[in-house]
Amino acid sequence: MSHPTVTVRIRDALRYAQGRAEKLGRTQQLELGENLFIRIGPGGRKFLLFCLEGEPDQSTARAVAEALGLREPQYGWHQGATLRSLTVVEAGAPDRTEPSAEL
């Protein structure tokens, strides 16, 4: 028997994962859409947005940063071995190094 499906607002899921990243000091990953994923880094003040095919757009990253309550987010790109990820780091966040694919 499978578990019932639960619908959760994406903003709530993002904030929950952000809280876990901060509390546990570990990266949290969520699937935001059919081809859109996020990895929220330890501390909850930086994240990677990536697609398995193609690239995420900056408007989506801005919306996610707003949902996470990041102040003055800094945007950049990370080129991994197989994926190009959009990186977002809150200005002045501890461990200000650019997030990597490993977060």
Side-chain angles (χ1 to χ4, degrees):
M1 179 177 205
S2 65
H3 298 285
T5 300
V6 177
T7 302
V8 178
R9 293 184 325 170
I10 192 67
R11 181 179 302 263
D12 293 340
L14 285 168
R15 288 185 178 158
Y16 177 76
Q18 180 185 36
R20 283 182 52 89
E22 185 174 6
K23 179 181 173 185
L24 302 175
R26 298 187 61 185
T27 299
Q28 302 296 305
Q29 181 169 312
L30 294 172
E31 183 175 356
L32 301 178
E34 189 174 314
N35 184 37
L36 182 62
F37 301 85
I38 185 172
R39 287 187 181 149
I40 303 174
R45 309 315 295 169
K46 60 185 177 179
F47 66 88
L48 288 175
L49 200 60
F50 64 97
C51 300
L52 296 179
E53 294 180 16
E55 297 177 350
D57 59 70
Q58 198 161 9
S59 64
T60 302
R62 288 184 200 282
V64 170
E66 183 180 320
L68 293 175
L70 300 185
R71 295 178 302 266
E72 299 182 45
Q74 307 293 313
Y75 301 90
W77 289 95
H78 173 78
Q79 179 63 58
T82 58
L83 299 172
R84 186 165 185 227
S85 304
L86 187 52
T87 64
V88 182
V89 179
E90 182 174 70
D95 187 19
R96 185 65 179 90
T97 59
E98 184 171 318
S100 69
E102 292 81 36
L103 276 182

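Partners of R84 by salt bridge (charged side-chain N to carboxylate O under 4.0 Å, His left out), not counting sequence neighbours, listed by chain and number: E55. Under the rule for a side chain to side chain contact (heavy atoms under 4.5 Å, CB included), E66 has no partner lying at least two apart in sequence or in another chain. For E22, there are no side chain to side chain contact (heavy atoms under 4.5 Å, CB included) partners, not counting sequence neighbours. L32 is linked by a side chain to side chain contact (heavy atoms under 4.5 Å, CB included) to I10, L14, L30, L36, I38, L49, V64, counting only residues two or more places apart in sequence or in another chain. The side chain to side chain donor-acceptor pair (under 3.5 Å) search around T82 returns none, not counting sequence neighbours. Every residue was checked against the salt bridge (charged side-chain N to carboxylate O under 4.0 Å, His left out) condition with R71, not counting sequence neighbours, and none meets it. With sequence neighbours excluded, the residues satisfying side chain to side chain donor-acceptor pair (under 3.5 Å) with D57 are S59, T60.
Of all heavy-atom pairs between G44 and L70, the closest is O-CD2, 4.1 Å. The two residues Q58 and L86 come nearest to each other via the heavy atoms CA-CD2, 3.7 Å. When every heavy atom of P56 is checked against every heavy atom of C51, the shortest pair comes out as N-SG, 3.6 Å. Looking at every heavy atom in both residues, T27 comes nearest to G41 through OG1-CA, 4.2 Å.
No continuous path of ILVMFWY side-chain contacts below 4.5 Å connects L24 to F47, so the two sit in separate hydrophobic clusters.
Other members of the cluster containing F50 are F37, L52, L83, with ILVMFWY side chains joined at under 4.5 Å, either directly or via other members.
Rounding to the nearest 0.5 Å gives a distance of 9.5 Å between CD of E90 and CD of Q74. Separation of atoms CD (Q18) and CD (Q28) is listed at 11.0 Å; rounding is to 0.5 Å. Note that the CG atom of L48 and the CH2 atom of W77 stand 11.0 Å from one another [nearest 0.5 Å]. Going from atom NZ of K46 over to atom CD1 of I40 covers 12.5 Å, rounded to the nearest 0.5 Å.
Atom CD of E31 has more than 12 heavy atoms from other residues, nucleotides or ligands within 6.0 Å. Within 6.0 Å of atom CD in E72, 12 or fewer heavy atoms from other residues, nucleotides or ligands are found, so the atom counts as exposed in its surroundings.
For residues 16-36, no residue pair satisfies the ring-ring contact (aromatic ring centres under 6.0 Å, His included) rule, not counting sequence neighbours. Judged as a salt bridge (Lys or Arg N to Asp or Glu O under 4.0 Å), the pairs with a partner in residues 1-21 (not counting sequence neighbours) are, in order, R9-D12.
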